[in-house]
Asks: 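One structure, pasted below without further comment.
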Amino acid sequence: QVQLVESGGGLVQPGGSLRLSCAASGTIFSITGMGWYRQAPGKQRELVASITRRGSTNYAESVKGRFTISRDGAKNTVYLQMNSLKPEDTAVYYCNADLLGGGSSRFQNYWGQGTQVTVSS
């Protein structure tokens, strides 16, 4: 089976930095788009950043200039470097990927279990 496993969340003070990682494991033949979403209490899940297989990136306006998404194709891993964190960045962050694997003959969308990011003094 395919799994997306996030790591790197935690508690940080405003203005601080965190780096999230998400590794896809299992039988994987190909990964196209990967991305990070977040969901704050009482709010809908929203896209934070995404990256294509060729490296094209897309960011939510609220994180442009502060967050950077990257990926390592050889490790099936996507990263989110978060700088200048604000209290409004507090949320559960979820990894997402479109991939071919896990015994399926077509690309499917997968989610990680989420990692908590709390920005507070």
Side-chain angles (χ1 to χ4, degrees):
Q1 293 296 329
V2 172
Q3 281 189 314
L4 301 182
V5 179
E6 300 110 333
S7 61
L11 173 64
V12 63
Q13 291 187 341
S17 298
L18 281 175
R19 188 191 194 210
L20 304 183
S21 300
C22 171
S25 63
T27 303
I28 298 170
F29 296 106
S30 180
I31 303 177
T32 55
M34 302 186 80
W36 290 94
Y37 289 72
R38 67 186 180 187
Q39 187 166 19
K43 294 188 177 181
Q44 290 189 331
R45 191 174 297 189
E46 63 174 359
L47 175 67
V48 176
S50 63
I51 185 167
T52 68
R53 182 162 47 191
R54 294 186 177 182
S56 296
T57 58
N58 181 50
Y59 295 93
E61 285 295 325
S62 59
V63 307
K64 281 184 179 178
R66 300 188 297 122
F67 291 10
T68 302
I69 189 170
S70 61
R71 65 189 284 177
D72 184 334
K75 296 181 179 180
N76 292 331
T77 299
V78 63
Y79 306 95
L80 185 67
Q81 178 66 44
M82 304 185 293
N83 299 328
S84 302
L85 282 160
K86 305 175 181 180
E88 50 263 42
D89 294 318
T90 296
V92 178
Y93 284 70
Y94 296 91
C95 175
N96 180 270
D98 291 314
L99 62 87
L100 178 66
S104 176
S105 59
R106 56 193 178 118
F107 281 85
Q108 293 187 318
N109 188 256
Y110 290 84
W111 290 93
Q113 80 287 354
T115 185
Q116 177 70 45
V117 171
T118 302
V119 184
S120 175
S121 55

Asks: For residues 64-82, pull every pair meeting salt bridge (Lys or Arg N to Asp or Glu O under 4.0 Å), keeping only residues two or more places apart or in separate chains.
Replies: Glu61-Lys64, Arg66-Asp89
Asks: For a ring pair (Phe, Tyr, Trp, His ring centres under 6.0 Å) check, start with the C-alpha distance between Tyr37 and Trp111, then their side-chain angles and the critical distance, and finish with the verdict.
Replies: CA-CA 10 Å; Tyr37 289 72; Trp111 290 93; 4.9 Å; yes
Asks: Looking at every heavy atom in both Pro14 and Ser121, which two are closest together, and how far apart are they?
Replies: CD-N, 3.7 Å
Asks: With a 4.5 Å limit on heavy-atom distance, are the side chains of Val12 and Thr118 in contact?
Replies: no
Asks: Flag the pair Trp36 / Ile69 as yes when at least one side-chain heavy-atom distance between them is below 4.5 Å, and no otherwise.
Replies: yes
Asks: Less than 4.5 Å apart, any side-chain heavy atom of Val48 and any of Tyr93?
Replies: yes
Asks: Could you tell me if the side chain of Asn109 sits less than 4.5 Å from the side chain of Asn96, heavy atoms only?
Replies: yes
Asks: Cationic tip of Arg45 within the cone over Tyr94's six-membered ring, i.e. under 6.0 Å and within 45° of the normal?
Replies: yes
Asks: Do the side chains of Glu88 and Ser62 get nearer than 4.5 Å, heavy atoms only?
Replies: no
Asks: Can you check whether Thr27 reaches Val2 side chain to side chain, under 4.5 Å on heavy atoms?
Replies: no
Asks: Report whether Leu11 and Leu20 are members of the same hydrophobic cluster (ILVMFWY, side-chain heavy atoms less than 4.5 Å apart, transitive linking).
Replies: no
Asks: Does the side chain to side chain donor-acceptor pair (under 3.5 Å) test come out yes or no for Glu6 and Gln113, once each step is laid out?
Replies: CA-CA 7 Å; Glu6 300 110 333; Gln113 80 287 354; 3.3 Å; yes
Asks: For the hydrophobic clusters of this structure (ILVMFWY residues joined by side-chain heavy atoms under 4.5 Å, transitively), does one cluster hold both Met34 and Ile28?
Replies: yes
Asks: Lys43: which residues meet the salt bridge (charged side-chain N to carboxylate O under 4.0 Å, His left out) condition with it, sequence neighbours left out?
Replies: none
Asks: What closest approach, in Å, do Gly9 and Val117 show between heavy atoms, and which atom pair accounts for it?
Replies: CA-CG2, 4.2 Å
Asks: Does any part of the side chain of Thr68, heavy atoms only, come nearer than 4.5 Å to the side chain of Tyr59, both counted from C-beta?
Replies: yes
Asks: Indicate every side-chain donor-acceptor pair of residues 80-87 with a distance under 3.5 Å to a residue at least two apart or in another chain.
Replies:
residue, atom, partner, partner atom, Å
Gln81, NE2, Asn83, OD1, 2.9
Asn83, OD1, Ser17, OG, 2.9

Asks: Is the shortest heavy-atom distance from the side chain of Val78 to the side chain of Ile51 under 4.5 Å?
Replies: yes
Asks: Scan side-chain atoms only and decide if Thr90 and Arg38 contain a donor-acceptor pair under the 3.5 Å cut-off.
Replies: no
Asks: Could you grab the distance from atom CZ of Phe107 to atom CG of Leu100, nearest 0.5 Å is fine?
Replies: 5.0 Å
Asks: Restricting to pairs with a member in residues 13-84, which pass disulfide bond (SG atoms under 2.5 Å apart), not counting sequence neighbours?
Replies: Cys22-Cys95
Asks: What's the separation between atom CG in Asn76 and atom CG in Leu99, rounded to the nearest 0.5 Å?
Replies: 8.0 Å
Asks: Is the number of heavy atoms from other residues, nucleotides or ligands under 6.0 Å of Gln3 CD greater than 12?
Replies: no
Asks: Taking disulfide bond (SG atoms under 2.5 Å apart) as the cut-off, I'd like each qualifying pair that reaches into residues 49-81, sequence neighbours left out, listed once.
Replies: none
Asks: Checking one residue: Val5. Which other hydrophobic residues are in its cluster under the side-chain 4.5 Å linking rule?
Replies: none
Asks: Determine the minimum heavy-atom distance between Ser30 and Arg53, stating which atoms define it.
Replies: OG-NH1, 2.7 Å
